[in-house]
Engineer: 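Can you read through this structure? Questions will come right after.
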There are 2 protein chains.
Amino acid sequence: MDQRLPVHGAQGDLLRLVAFGEAESRADLARLSGLAASSVSLRVEELIEAGLLAEEGSGPSRGGRRPRRLRLSPGAGVLAVADLGAHHARLGLLDLSGVPFVVEERPCEIAKGPGHTLGWLADAFDDLLAAHVPATVPLRGVGTGIPGPVDPATSRVVNPSRMPGWNDYPVAESLAARYDLPILVENDANLMAVGEARSWPGSENLMVLKAGTGIGCGMIVNGRLHRGRGAAGDISHVPVRSAATVVCACGHADCLEVHASGAALAGALAAAGIEVERTADIVALVNDAVPEATSLVRGAGRRIGEVLTALVNFFNPDVVAVGGSLSAAEPLVTSIRATVYERCLPLATRDLEIAPARAGRDAALLGAGALLLDAALSG
Amino acid sequence: MDQRLPVHGAQGDLLRLVAFGEAESRADLARLSGLAASSVSLRVEELIEAGLLAEEGSGPSRGGRRPRRLRLSPGAGVLAVADLGAHHARLGLLDLSGVPFVVEERPCEIAKGPGHTLGWLADAFDDLLAAHVPATVPLRGVGTGIPGPVDPATSRVVNPSRMPGWNDYPVAESLAARYDLPILVENDANLMAVGEARSWPGSENLMVLKAGTGIGCGMIVNGRLHRGRGAAGDISHVPVRSAATVVCACGHADCLEVHASGAALAGALAAAGIEVERTADIVALVNDAVPEATSLVRGAGRRIGEVLTALVNFFNPDVVAVGGSLSAAEPLVTSIRATVYERCLPLATRDLEIAPARAGRDAALLGAGALLLDAALSG
DNA sequence: CGCGTTGTCTTCGATATCGAACGAAGATAG
DNA sequence: CTATCTTCGTTCGATATCGAAGACAACGCG
């Protein structure tokens, strides 16, 4: 059941082009890969031989002979990916195009520690695989998102604020012990950014904001995830202006997180006598036009926009995509946009799009799939 | 005198490795380029044939046969580069390793407009070439830094704040009309960042601050300059907290520039009855321990540090290098460092170095050389 | 001084890629 | 329906890269 993809050299690039939907024929592949048409034919032949690609009828003519359409072979393999949250995990099985064919959400307490959680996760994967994947179809990679910083050099969790027991735990090694496969461990906001980036073709530089219970951000530079030393994108503790001084768990005052996160809004609503349990409840209140909630969300948007102003001037992205559960509240995006456009350099906002995220709830799973495929297809 | 480098394919990579001092022998080249030793020998042979490389004695043995040391041929060519400022231009001639062998500073009023300035620049280049370069040595590239935003797609100046008449002027085309060669036009802070980056081997992600009369910043991501859409790095109009409200030329209040630039400090000193002409005078005052000057520079450092806090958390670089004429005032770097370390996430500052720039006054010229070589050697 | 070791560079056959030419299959026009 | 053009895919000789083996050159040690 466990085996690495038997690809070498240019084969990986070709497979990737087909998997990501960029190429559908040998001619497409030749154009996009830069290889000679003859070389493409040879490689494709090998990939079909290996059971990874399949020919499937013919495509539409573009004025000449019809192309013979190429697809990933359905039996080529699957990826198992997850997005771990504080109390829930989102699990998915993807085909080698990175398209999910099963997605489930299961309760899971990350605070129970890494040993317990990762064991549970692997069991859940095995469970899903047994239920939805024939034994003949091999598992090709395993990946998970983590709600905390991940050191890209070691794939260990570092200084997580809400994951007791996880600090410096070798997550990737733990999974590798159970699966002899490419393993991916990455911060959840980063995965979301990668997934979201695929919904913005043509844009090479993106900021993807995750506004939920907490605030996270992922950064795509030149089409690739920027990790820095593992902390990149963490804007939750940037100081913001505010009338009242609120101290954050990090020890500093007036971090963005204590003024604009879903948790902070829930607190403020509670102080106003409105109890909410989860961030989705806040969105519901806004959609019901409860003035306190709307006003609070607007304020959060302005605070976030203030922070983004500096970042947009500095990074000058093509797109700022706003995702996370709180982004379903329309005033959030609106007020972020207003603040950034008002205060940024015209040059920086000239071609800037600030918009709700497009990739939906599975963005992180899609991102995990994309990164896993990248890893598997360049080996 | 004008001809493009006659290199194709892998030759460029090899030449680059020798030029940048990373390889000194065929064996080095084989290791670093990933090519087979036999292929390297062939390519090197061709490059020697073409007069670009030369063998120069033998290097030190590492336990076996001595390597035959490779160097760029002295007659291989030169690059002409400049860094245009408001009232001065710094001009240099570089060999193909990017090492300057002539550097001059000449007065030049950029406000006279692009036609005049670029004509003057080309005359100055011709002048320098005639004086220092034999006619047999060809010019291989021309580049210049500009104190304003440059659109990377078109190499035109866009919305420059202090360059009347330059808006949307096709600088690269204008130079190309006079030189049939690779042409480089880039923002001055970006060039400085590229030059500085070469002084930090091993660091892939850098922020390079240029603190002078104005405030600029360049960003190196993954070892390469990040341009965004041409505005990346422009932090001069990020709002900062301040007691007094000062309106900036951009129309907004309390931009970093009006509180922390050399120009702003000069203004504040004048208000205190101390007249200064140039930023260097401020540095002199600080070094003479004039309390008003030192205090103002400290304040500027804190303001800059505040802005950097958000950027460092977000970008998570390996190095923040502080350059520009004002950086010679030691309290500036000290107070930037103190502010950033105090307020940033520990994870983001764990491996962060905040230090004075290492590349010196020619950083921008070095950067221009590096980018020109990159361009010339990948064609 | 001889000899094994280590590292550098070249020779040469094996292999992979390229690119031009060709055949296949369909669109378009008269 | 035929002629012509376009695109797709394959065949095949020319070319470039590779990699193993060997020649070369210096060092260290007995």
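Proteins come first, then strands; the chains are lettered A, B, ... in the order of their sequence lines, and each starts at number 1.
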Engineer: Only counting residues at least two apart or in another chain, list the ones meeting side-chain hydrogen bond (donor to acceptor under 3.5 Å, both in side chains) with B/D151.
Structural biologist: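 Partners of B/D151 by the side-chain hydrogen bond (donor to acceptor under 3.5 Å, both in side chains) criterion come out as none, since no residue qualifies.
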Engineer: Let me have the donor-acceptor pairs involving side chains of residues 69-78 of chain A, under 3.5 Å, with sequence neighbours excluded, atom names and distances please.
Structural biologist:
from  : atom 1 : to    : atom 2 : distance (Å)
A/S73 : OG     : A/G51 : O      : 3.2
A/S73 : OG     : A/G75 : N      : 3.4

Engineer: Mind checking what makes salt bridge (Lys or Arg N to Asp or Glu O under 4.0 Å) contact with B/E55, not counting sequence neighbours?
Structural biologist: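 By the salt bridge (Lys or Arg N to Asp or Glu O under 4.0 Å) rule, B/E55 matches B/R26, B/R68.
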Engineer: Quick one: list whatever passes side-chain hydrogen bond (donor to acceptor under 3.5 Å, both in side chains) with B/S25, sequence neighbours left out.
Structural biologist: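 side-chain hydrogen bond (donor to acceptor under 3.5 Å, both in side chains) check on B/S25 returns nothing, list empty.
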Engineer: Identify all pairs in which a protein N or O lies below 3.5 Å from an N or O of nucleotides 13-15 of chain C, and state each distance.
Structural biologist:
none

Engineer: Across nucleotides 24-30 of chain C, 5' to 3', mark each nucleotide with B, S or - according to how protein heavy atoms within less than 4.0 Å reach it.
Structural biologist: BBBS---
Engineer: Residues from residues 19-28 of chain B sitting under 4.0 Å of DNA chain C, heavy atoms only?
Structural biologist: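 Heavy-atom cutoff 4.0 Å gives B/S25, B/R26, B/A27.
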Engineer: With sequence neighbours left out, what residues match B/R358 under salt bridge (Lys or Arg N to Asp or Glu O under 4.0 Å)?
Structural biologist: none
Engineer: Sequence neighbours left out, what passes side-chain contact (heavy atoms from CB on, under 4.5 Å) with B/R198? Give chain and number order.
Structural biologist: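 B/R198 satisfies side-chain contact (heavy atoms from CB on, under 4.5 Å) with B/F20, B/A370 only.
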Engineer: Taking salt bridge (Lys or Arg N to Asp or Glu O under 4.0 Å) as the test, write out the residues that go with A/R31, two or more places apart.
Structural biologist: A/D28
Engineer: Sequence neighbours excluded, which residues qualify as side-chain hydrogen bond (donor to acceptor under 3.5 Å, both in side chains) partners of A/E173?
Structural biologist: none
Engineer: Could you go through residues 218-230 of chain A and list every donor-acceptor pair under 3.5 Å that involves a side-chain atom there, pairing it with any protein atom two or more places apart or in another chain?
Structural biologist:
from   : atom 1 : to     : atom 2 : distance (Å)
A/H226 : NE2    : B/F315 : O      : 2.9
A/R227 : NE     : A/E186 : OE1    : 2.6
A/R227 : NH2    : A/E186 : OE1    : 3.2
A/R229 : NE     : B/D318 : OD1    : 2.7
A/R229 : NH2    : B/D318 : OD1    : 3.4

